[in-house]
Amino acid sequence: MILDRQALWVKILGRGDQIVHIVYALDRLASGGAQRQAVELAVHLVQAQGLRVTVVAYQAPNFFERRLSDAGIRVVQFQKRGKLDPAFPVRLRRWLRANAVDVIHAFLLGPIVWNYAALQSIPSRSRPVLVPAERNAISGLPRLEVRIKKFIFRRSRRVTANSQTAADEIHRDLGVPVDRIAYIPNAIDVAEWDQAATRESPIPLEAGCFHIALLGRIAPQKNHQLVLEALSELGPERIKNWRVWFVGDDRRHAKLAAQICEEIAKRNLRGIVSVLPPTQDVAAFVSRLDGLLLPSLWEGFPNAVLEAMTLRVPVIASPVGEVVNILEAGESGILLERGSPAELAHAMRQLEEMSESSRARMGAYARATVESRYGIVAVTREYLDLYRSLVNQEDPSEL
């Protein structure tokens with residue numbers, strides 16, 4: 001079965017003989033969307049054969065290490081000596097040179113900065129190609145991060161963006177030429193998610209209740225507060241049979257997580273709203289939900305929306321980032337316009353009151369959208385073509 005699948009990938013994508021070694025650089029293999037996409041790309045590029053892929057992370061935890069290990073992908077962890085480690089780029093540079101790396105695809109700010117620093121003392125003819133990946137809307141980033149990215153992106157041969165919004169902002173606000181920006185959307189392996197959805201849900205869901213979830217790290221961007229305000233608008237009697245799940249990593253914003261838990265208690269929402277850590281079995285949980293929430297203030301390309309649509313689960317989302325291109329209002333989900341508690345309350349009530357057949361139609365439309373535009377085969381081919389074009393470019397120091 002594995003050999004058959006690999007043979008299919010070879011037929012679709014080619015062997016990739018012109019590429020020796022690709023590195024995916026991440027701060028840590030946590031449960032975030034950027035990490036999930038990097039991991040899935042790595043796995044599927046290996047299945048295409050002819051490609052050597054290594055994932056480099058700088059911190060624990062290694063949420064996806066098992067997934068990578070099962071695919072035969074090496075995970076290298078570099079420990080930084082404190083938050084600022086001047087010798088870290090030197091150690092990283094030695095490893096890059098010793099391992100004959102061709103392309104470094106760096107996700108998130110830390111890996112982008114560290115790899116850029118590491119490459120500066122490598123001669124241009126033997127220097128790996130650094131490809132920074134922007135996974136968010138530039139307009140939502142802190143000012144210092146924008147300045148750093150502007151400096152590095154303008155000196156990079158190519159920058160990838162997973163949303164058209166981010167691609168446009170990289171050109172307009174950071175001054176990166178359009179021909180150096182590659183817009184490639186997130187992807188999902190539909191067959192794998194279907195299979196994963198058949199497992200037992202890691203979070204038991206009470207029968208006879210309306211279950212809806214917000215999946216994503218605890219952070220101001222994700223706007224958990226709006227959900228709590230909307231639930232208060234609906235009132236205790238209206239939501240007594242509702243179960244609302246906040247599932248995500250809370251370590252980077254522990255103070256905010258504590259405030260959310262206090263707010264749940266203050267609004268008498270205990271028993272209705274639960275805050276839980278991330279789970280490996282996302283598909284098994286999401287497939288059993290009645291709906292998914294994404295009330296974010298800004299986004300790039302939210303994986304949670306793509307995953308829910310794949311599993312035929314209706315989505316209620318803010319019109320942020322790539323959401324406006326993924327989700328068709330009234331067909332595959334509900335788009336919020338104003339982002340007010342009253343509007344979100346109305347949308348959740350509308351979804352709960354929807355008939356089973358209407359929800360099924362919405363889910364089927366969402367699934368068809370994913371299959372036609374966001375399949376892993378087509379997206380992986382775009383990345384493979386990008387890497388090949390960069391490796392084969394004659395003058396790597398042209399910038």
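Applying ring pair (Phe, Tyr, Trp, His ring centres under 6.0 Å) to W114 and the options F88, W95, F78 leaves one that passes, F88.
The pair E331-R361 does not count as a salt bridge, with every side-chain nitrogen at least 4.0 angstrom from each carboxylate oxygen. E169 and K150 are not joined by a salt bridge, as no carboxylate oxygen comes within less than 4.0 angstrom of a charged side-chain nitrogen.
Contact check for E40 versus R67: side-chain heavy atoms found under the 4.5 Å cut-off. With a 4.5 Å cut-off on side-chain heavy atoms, P128 and D102 do not count as touching. Residues I170 and I138 meet the side-chain proximity criterion, which asks for heavy atoms closer than 4.5 Å. Counting heavy atoms from C-beta on, the side chains of Q225 and Q259 never come closer than 4.5 Å. Considering only heavy atoms from C-beta on, D250 stays 4.5 Å or farther from P277 through its side chain.
Between the side chains of S355 and S357, at least one donor N or O lies within less than 3.5 Å of an accepting N or O. Under 3.5 Å, the side chains of E307 and T310 contain no donor-acceptor pair of N or O atoms. D189 and H44 are linked by a side-chain donor-acceptor pair at a separation below 3.5 angstrom, with hydrogens and angles left out of the test. Under the 3.5 Å distance criterion, with hydrogens and angles disregarded, no donor-acceptor pair is assigned to the side chains of S69 and R66. Using a 3.5 Å distance cut-off with no hydrogens or angles, the side chains of Q77 and Y58 do not pair a donor with an acceptor. For the 3.5 Å distance criterion, the side chains of E322 and Y183 qualify, holding a donor opposite an acceptor. In summary, the side chains of N303 and Q37 do present a donor paired with an acceptor at a separation below 3.5 Å, with no hydrogens or angles considered. Judged purely by distance below 3.5 Å, without hydrogens or angles, the side chains of Q221 and R217 pair a donor atom with an acceptor atom. Checking R243 against S274 by side-chain atom types alone, no donor-acceptor pair falls below 3.5 Å. Judged by distance alone, the side chains of N186 and R135 do bring a donor and an acceptor atom under 3.5 Å apart.
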Practice prompt. Decide side-chain hydrogen bond (donor to acceptor under 3.5 Å, both in side chains) for E229 and S232; before the verdict, give the C-alpha distance in whole Å, the side-chain angles of both, and the deciding distance to 0.1 Å.
Written response: CA-CA 5 Å; E229 292 173 4; S232 292; over 6 Å; no
Item to complete: Could you walk me through whether N241 and F210 pass side-chain contact (heavy atoms from CB on, under 4.5 Å), step by step?
Response: CA-CA 6 Å; N241 291 322; F210 176 66; over 6 Å; no
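Side-chain atoms of T279 come within 3.5 Å of backbone atoms of D281 as a donor-acceptor pair (strictly under, hydrogens ignored). Between the side chain of S156 and the backbone N or O of V159, no donor-acceptor pair lies under 3.5 Å. Looking at R74, its side chain never comes within 3.5 Å of a backbone N or O of L68 through a donor-acceptor pair. At least one donor-acceptor pair under 3.5 Å links the side chain of H171 to the backbone N or O of V176.
Distance check, rounded to the nearest 0.5 Å: NZ of K266 to CG of L269 gives 12.0 Å.
A cation-pi arrangement is not found for R288 relative to F285, the charged atom failing to lie both closer than 6.0 Å to the ring centre and inside a 45° cone about the ring normal.
Looking at residues two or more places apart in sequence or on another chain, you find no ring pair (Phe, Tyr, Trp, His ring centres under 6.0 Å) involving W298. Residues passing the salt bridge (charged side-chain N to carboxylate O under 4.0 Å, His left out) test with R267 are E263, sequence neighbours excluded.
The aromatic rings of H105 and Y24 lie parallel to each other, their planes meeting at an angle below 30°, with 60° marking the opposite boundary.
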